Number of protein chains: 2
Amino acid sequence: MSRADLPLQSCSIARAVAQVGDEWTILILREMFLGTRRFDDFLRQTRMSSHLLAGRLKKLETLGAIRREAYSEHPPRSEYRLTTMGRDLWPVIIALKQWGDCWLGDGDAPVQIVHKGCGRLTKPQITCPDCGQVMGARDAKAELTESYERERQAAWRHT
Amino acid sequence: MSRADLPLQSCSIARAVAQVGDEWTILILREMFLGTRRFDDFLRQTRMSSHLLAGRLKKLETLGAIRREAYSEHPPRSEYRLTTMGRDLWPVIIALKQWGDCWLGDGDAPVQIVHKGCGRLTKPQITCPDCGQVMGARDAKAELTESYERERQAAWRHT
DNA sequence: CATAGTAACTTTAAAAATAGAAGTTAGTAA
DNA sequence: TTACTAACTTCTATTTTTAAAGTTACTATG
């Protein structure tokens with residue numbers, strides 16, 4: 001299967017990955033959350049090629065995760081901003097950051113998060129909304145819908 | 001800059017992305033969290049090419065996120081299992097899943113999460129460990145270390 | 001007014017990664 | 001003996017990415 005078919009899968013992770021699961025898109029999102037809005041600033045901060053940046057921005061815009069807004073007509077200039085859909089990717093970026101800080105870091109994390117609500121430096125964590133406890137991989141069990149279960153077993157059978 | 005240079009960046013997100021920020025690695029991790037352990041099962045469930053799967057598993061093993069364990073000597077057969085480092089990527093997968101379910105889903109999520117602690121279906125959320133409140137992008141402010149700030153401003157100047 | 005500079009891209013060509021198929025190794029099962 | 005499985009590796013065609021140069025539409029400087 002090629003990556004082009006990922007959006008068609010019934011797994012929502014596969015679909016998410018098809019849209020934002022590549023190196024450069026994630027770096028663009030990082031920049032967005034750091035406040036970068038302009039083409040050349042994305043270029044400078046990520047050092048990706050302009051060709052790719054243009055393509056990725058277009059893809060994110062088509063998807064609806066960012067929107068382009070003109071800040072000058074003459075000459076034509078525009079900014080890119082996150083939509084609600086795009087802002088909802090924050091947990092993904094934060095999760096990557098924390099993992100990177102923890103397992104690949106060399107000393108201090110270059111970026112720290114301040115919780116505006118309480119004003120403190122914080123390391124956001126995943127919790128269960130029902131009982132409030134912190135959650136990790138071992139506290140969770142995946143439950144598949146019947147149809148998804150069938151789909152996965154079908155893959156097992158005939159190849 | 002090419003993707004090969006990502007691991008050298010001082011940003012921990014860039015470093016994380018260099019290791020696990022590609023389509024197929026994320027799908028492999030999804031399978032790991034669903035309990036898949038064997039080469040051919042990864043192949044069947046992700047439908048990636050065996051060439052790529054072999055490469056990605058090797059990379060994850062070298063990194064230390066998974067380990068290979070023989071479950072038979074004759075014939076030689078092995079399983080892949082998450083290490084603690086690998087299990088710590090759970091929040092990344094969960095964040096992608098929730099975003100996918102919310103923004104790209106068509107009806108029911110194919111996978112649901114049960115919190116073993118309280119036994120309930122749950123949608124894990126990000127909270128501030130200090131005050132306990134749920135957090136989103138708008139509740140957070142990024143604070144850069146001085147050296148990282150300087151590094152970013154240097155990119156701005158001379159090109 | 002000519003030259004330099006900036007922002008936001010697009011085009012091109014060469015290099016690298018991927019996809020799909022076929023092949024390999026070391027067995028077990030009919 | 002033939003078929004089949006698990007876990008890969010090799011091969012080639014196609015696609016994607018990289019890096020560099022070019023384009024468009026201006027503004028600023030001497």
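Just so it is clear: chains get the letters A, B, ... in the order the sequence lines come, proteins before strands, and each one is counted from 1. Heavy atoms only: backbone and side chains are in, while hydrogens, waters and symmetry mates are out. Please read all numbers here as calculations on a predicted model, not as lab measurements.
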What does [X] touch in the nucleic acid at a heavy-atom separation under 4.0 angstrom: a base, only the sugar-phosphate, or nothing?
X       : result
A/Phe42 : nothing
B/Ser2  : sugar-phosphate
A/Met1  : sugar-phosphate
B/Arg47 : nothing

Determine yes or no for a side-chain-to-main-chain donor-acceptor pair under 3.5 angstrom, with [X] supplying the side chain and [Y] the backbone.
X        : Y        : value
B/Trp99  : A/Met85  : yes
B/Thr127 : B/Pro129 : no
A/Arg37  : A/Met32  : no
B/Arg15  : A/Gly100 : no
A/Lys97  : A/Val111 : yes

Just how far, in rounded Å, is [atom2] of [N] from [atom1] of [X]?
X       : N      : atom1 : atom2 : value
B/Lys58 : D/dA7  : NZ    : C1'   : 11 Å
B/Arg3  : D/dT16 : CZ    : P     : 12 Å
B/Tyr80 : D/dA6  : OH    : P     : 14 Å
A/Leu43 : D/dA20 : CG    : P     : 13 Å
A/Asp22 : D/dT17 : CG    : C1'   : 11 Å
B/Asp41 : D/dA6  : CG    : P     : 8 Å
B/Leu52 : D/dT10 : CG    : C1'   : 14 Å
A/Leu27 : D/dT18 : CG    : P     : 11 Å

Identify the 5'-most and 3'-most nucleotides of DNA chain C with at least one atom closer than 4.0 Å to a non-hydrogen atom of chain B.
C/dA17 to C/dG27

Residue whose nearest DNA chain D nucleotide is more 5′ - B/Arg77 or B/Gly55:
B/Arg77

Between A/His74 and A/Trp24, which is nearer to the 5' end of DNA chain D once each is assigned its nearest nucleotide?
A/Trp24

[X]/[Y] ion pair, N-O < 4.0 Å:
X       : Y        : result
A/Arg56 : A/Asp22  : yes
B/Glu31 : A/Arg152 : yes
B/Arg81 : B/Glu79  : yes

Establish whether the base of D/dT9 is bridged to the side chain of B/Ser50 by a donor-acceptor pair shorter than 3.5 Å.
yes

Which is more 5' along DNA chain C, the nucleotide nearest A/Arg38 or the one nearest B/Pro75? Just name the residue.
A/Arg38

Tell me which of A/Ser78 and B/Glu73 sits closer to the 5' end of DNA chain C, going by the nucleotide each one is nearest to.
A/Ser78

Phosphate contact (D/dT17 OP1 or OP2) by A/Arg56 side-chain N/O below 4.0 Å
yes

